[in-house]
Each structure stands twice: as structure tokens, then as C-alpha cells.
A.B. asks: 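Once you've had a glance at the structure underneath, I'll fire off some questions.
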Amino acid sequence: MPETRACPLPVPSAASSPLRRAEHFVWLTARVLEQRLFAYHFLHGAADPVETALDAYRTDGFGYGHALEPELRGPAGHPLHTARALRVLDAIGRCDARRAERVCRYLTSVSTPDGALPAMLPDGLPGAAASPGPAAQTPAGDLLTTGPVVGLLHRNQVWHAWLFRATEFCWRRVETLDATRPCEVQAAVAFLDGVPDRPRARAAAGRLGRLVRERRLAVLDPDLRESWPLAPGHAPGERLFPHDFAATPHSVARAWFTDEEMDRSLDFLAGRQQEDGGWPVTRRPWAPGTEREARPMVTIEALCTLRAYGRAIA
């Protein structure tokens, strides 16, 4: 048999477009799912290959596992894996009632007594996953997990019995949120961007926006970012910027920031593309390999945000 050799990918020059450099990075480092998703978003790829790649992460219990969310290792299912799967289906226009029915059965099975999703499943129970820290044996519902899922299902006009109590849980949390954790505000925005009651959503968003500015949760001048307070438990690089709250100009969080503040934020985001073409992961890595798996995801998200605001990436 003749020896076969891999054909190396041509390395883009430093003057290449952000998209060209990111493409090279994705082909070299990404999992099949992120490669297919990149092709769908930026190379006129089809949706079917993305969904086929996502199906590989399904579990027997109607959820998703197998480290779909890189920080949760092992084959077991987890709500955060399922939330990631729903975002992928939403991105390719496949988050319909038929597909969501199966997912909602899983969400019902792992919900807390108040109808919400826990941040972590109890250790030793079906669906528990290897995670960054110990999980409570009787976990409470968490807006961080529940809000994005509920908002996404509403945005796709999915209705299921699980959604009723989960929606009420989110409203209670969002309307009393004291903005102690920036990531909770992000989860609240994801909920408010999709929930059907738009007047109520705009009122809640207005209150949250005032909190974000009063508590300095968003860095409004990236050049002075070291002077902004760091949220408890966050790594030095985990400060959030306007684009982290308003990933698209249609988000309720866009009204929180002036055009000048958003432009500075987007300039900063564009400038964070690294020499290898990818964007960095700012969270503290928990296990070996998680950062490598997460960077293509972060890179696709950065490109989508820049494109949503009309920034040139090609």
C-alpha cells in the first residue's frame, strides 16, 4: 500500500480576513460539530450535517451528554448539555415542536420541585456528570441554567407543560435579581429576549440595565478594563463587556449601552482574535482539554456577534 500523507492546510497570512483566519483555526482544532456549525454559518453549509453531528451527543435518557458542554466531562446527560444542544438547533432553524418534545421530556425528568433546572445534578443520580465542583444532593433551581432554555423555547414558539412552571420561576428570579453575578444577568437577558410578554420583558430589562451600570458589571471602556471591579469568583480575564450582554442589536440589553460604548466593545472583541485565528476562552479551565474544545465555540460566537452588528469579517 502506498503511504498516504495528510495535505496540510495553507496558513493564512496576517493580512487575511478575520473569517479566513478563523476558518483555518476551526479546521485545525474544532470538533466535528463545531466544524459543521462553522460551515453552516459562514460557508453556506447545510443544516443536516450539523444536526447529524449533534445527534452523536444524545443520551439514552432523551438528553445530551458526552461533554457536549466541554466543562462537563463524561457520557452522562446534564441540563447544560441540553441547553447547548438547543442553542445549536436554534442556530440552524431546527428547534421546532417535534424536536423540542423529546428535549422537554428530559428537562421534566431533571427539574427541581419548583419546576426549574438545577445548575448541577446530584452526584450519583442518573444524569450526573463529571463537573468542576461538588453538587448539592438536593439542588435548587437556577436561573443560570433555566433562563436561556426557557427563552429559547419561547422564541421558537414551542409549548410544553414543562414551560409553564419554568417560565414563572424565571419571572420571579429575573424581577427580583440583585445582579450579584454577571452571568445571571446574561441568563436573564436570554430569557427576556424570548419570552412572549414583551412589555413585561422591557420593564424587567430596564431595571436590570440600571443595575448593570450602577454595579459596573459591564466594562464600558476596554482600555481601562483593569480598573473595573472583578466579580467574586471570576478569573482576571472574566470581565464582561457590552457585547457579552447584547450579543445582537435586537437584544433587550442593547438599550443599556450608548452607540459609542457598543462600538468600543465590538472593537475590543474584534481585536481579541489571536494569532492562530481563534478567540480566547476567558473562563478558568477546569480539566485538561476543555479550553481547546471550547475555543472553536467561542470563536464562532464572536464572529456571529460581529456579523450581527454589521462588522466586516470576510
Side-chain angles (χ1 to χ4, degrees), residues 12 14-26 29 41-42 71 144 148 177 179-190 192-193 205-285 290-292 294-314:
S16 298
S17 70
L19 183 61
R20 178 73 180 88
R21 291 160 57 208
E23 180 183 2
H24 183 263
F25 170 77
V26 166
T29 67
H41 278 301
F42 306 110
E71 290 190 352
L144 189 66
L177 189 63
T180 55
R181 292 191 295 170
C183 55
E184 279 191 309
V185 179
Q186 289 179 293
V189 169
L192 295 173
D193 278 344
R207 187 186 73 85
L208 284 180
R210 290 189 291 273
L211 280 175
V212 165
R213 297 188 74 91
E214 290 167 4
R215 306 286 177 83
R216 303 185 74 205
L217 299 183
V219 177
L220 302 181
D221 188 344
D223 291 338
L224 303 175
R225 58 188 178 277
E226 297 302 326
S227 67
W228 251 259
L230 192 62
H234 281 216
E238 287 188 272
R239 290 180 175 87
L240 298 184
F241 300 82
H243 67 264
D244 291 310
F245 295 99
T248 77
H250 307 295
S251 171
V252 293
R254 175 62 185 88
W256 301 352
F257 310 106
T258 67
D259 291 347
E260 183 181 4
E261 289 166 348
M262 185 57 71
D263 283 341
R264 284 199 298 258
S265 182
L266 294 170
D267 287 343
F268 178 71
L269 176 63
R272 297 192 86 176
Q273 187 175 22
Q274 299 187 330
E275 187 176 348
D276 61 6
W279 267 260
V281 174
T282 56
R283 298 187 303 274
R284 183 181 291 110
T290 58
E291 182 176 6
R292 181 182 177 89
R295 282 192 69 206
M297 298 160 62
V298 171
T299 296
I300 292 171
E301 290 167 1
L303 290 169
C304 286
T305 294
L306 291 169
R307 184 172 65 178
Y309 280 95
R311 294 297 184 102
I313 59 173

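Computed from a predicted model, the values in this text were never measured in an experiment. Residues take their numbers from the sequence shown, with the count starting at 1.
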A.B. asks: Side chains of Leu269 and Asp244, heavy atoms from C-beta outward: is any pair under 4.5 Å?
C.D. replies: no
A.B. asks: Less than 4.5 Å apart, side chain to side chain, heavy atoms only: is that true for Glu226 and Arg239?
C.D. replies: yes
A.B. asks: For Arg292, I'd like to know if atom CZ has over 12 heavy atoms of other residues, nucleotides or ligands within 6.0 Å.
C.D. replies: no
A.B. asks: Could you tell me if the side chain of Leu217 sits less than 4.5 Å from the side chain of Leu211, heavy atoms only?
C.D. replies: no
A.B. asks: Is there a side-chain contact between Leu192 and Leu208 in this structure, where contact means two heavy atoms from C-beta onward sitting under 4.5 Å apart?
C.D. replies: yes
A.B. asks: Which pair of non-hydrogen atoms, one from Tyr309 and one from Ala247, has the smallest distance, and what is that distance?
C.D. replies: CE1-O, 3.7 Å
A.B. asks: Rounded at 0.5 Å granularity, tell me how far CD in Gln186 sits from OG in Ser251.
C.D. replies: 10.5 Å
A.B. asks: Between the main-chain N or O of Ala205 and the side-chain N or O of Trp256, is there a donor-acceptor pair closer than 3.5 Å?
C.D. replies: yes
A.B. asks: Determine whether a donor-acceptor pair (N or O, by modelled atom type, separation under 3.5 Å) exists between the side chain of Thr248 and the backbone of Ala308.
C.D. replies: no
A.B. asks: Inspect the contact between Glu260 and Arg264 and indicate whether a charged nitrogen and a carboxylate oxygen are less than 4.0 angstrom apart.
C.D. replies: yes
A.B. asks: Can you give me the closest heavy-atom contact between Thr299 and Gly277, atom names plus distance?
C.D. replies: CG2-O, 4.2 Å
A.B. asks: How close do Arg283 and Glu71 get, heavy atom to heavy atom, and via which atoms?
C.D. replies: NE-OE2, 3.1 Å
A.B. asks: Would you say Pro296 and Phe25 make side-chain contact, with heavy atoms under 4.5 Å?
C.D. replies: yes
A.B. asks: Applying side-chain contact (heavy atoms from CB on, under 4.5 Å) to Leu220 and Trp228, what does each step give before you reach the verdict?
C.D. replies: CA-CA 9 Å; Leu220 302 181; Trp228 251 259; 3.9 Å; yes
A.B. asks: When rounded to the nearest 0.5 angstrom, what distance separates NE2 in His243 from CZ in Arg311?
C.D. replies: 11.0 Å
A.B. asks: Counting C-beta onward and ignoring hydrogens, is there a side-chain heavy-atom pair between Leu303 and His41 closer than 4.5 Å?
C.D. replies: no
A.B. asks: Starting at CG of Leu306, measure out to CG of Asp267 and round the result to the nearest 0.5 Å.
C.D. replies: 9.5 Å
A.B. asks: Please tell me if the side chains of Arg295 and Trp279 come closer than 4.5 Å, counting only heavy atoms from C-beta onward.
C.D. replies: no
A.B. asks: Specify the closest pair of heavy atoms between Ala314 and Leu19, including all atoms of both residues, with the distance to one decimal.
C.D. replies: CA-CB, 4.0 Å
A.B. asks: Quick check: do Arg216 and Ser227 have side-chain heavy atoms less than 4.5 Å from each other?
C.D. replies: yes
A.B. asks: With side-chain contact (heavy atoms from CB on, under 4.5 Å) as the criterion, how do Glu301 and Cys304 come out once you've worked through the C-alpha distance, each side chain's angles and the decisive distance to 0.1 Å?
C.D. replies: CA-CA 5 Å; Glu301 290 167 1; Cys304 286; 5.7 Å; no
A.B. asks: If the threshold is 4.0 Å, N to carboxylate O, is there a salt bridge linking Arg254 and Asp193?
C.D. replies: no
A.B. asks: Under 3.5 Å, side chain of Gln273 to main-chain N/O of Pro18, donor-acceptor pair present?
C.D. replies: yes
A.B. asks: Passes side-chain contact (heavy atoms from CB on, under 4.5 Å), Arg272 versus Thr282? Steps please.
C.D. replies: CA-CA 11 Å; Arg272 297 192 86 176; Thr282 56; 3.4 Å; yes
A.B. asks: Distance-only, no hydrogens or angles: does the Arg307 side chain make a donor-acceptor pair with backbone N or O of Phe42 under 3.5 Å?
C.D. replies: no
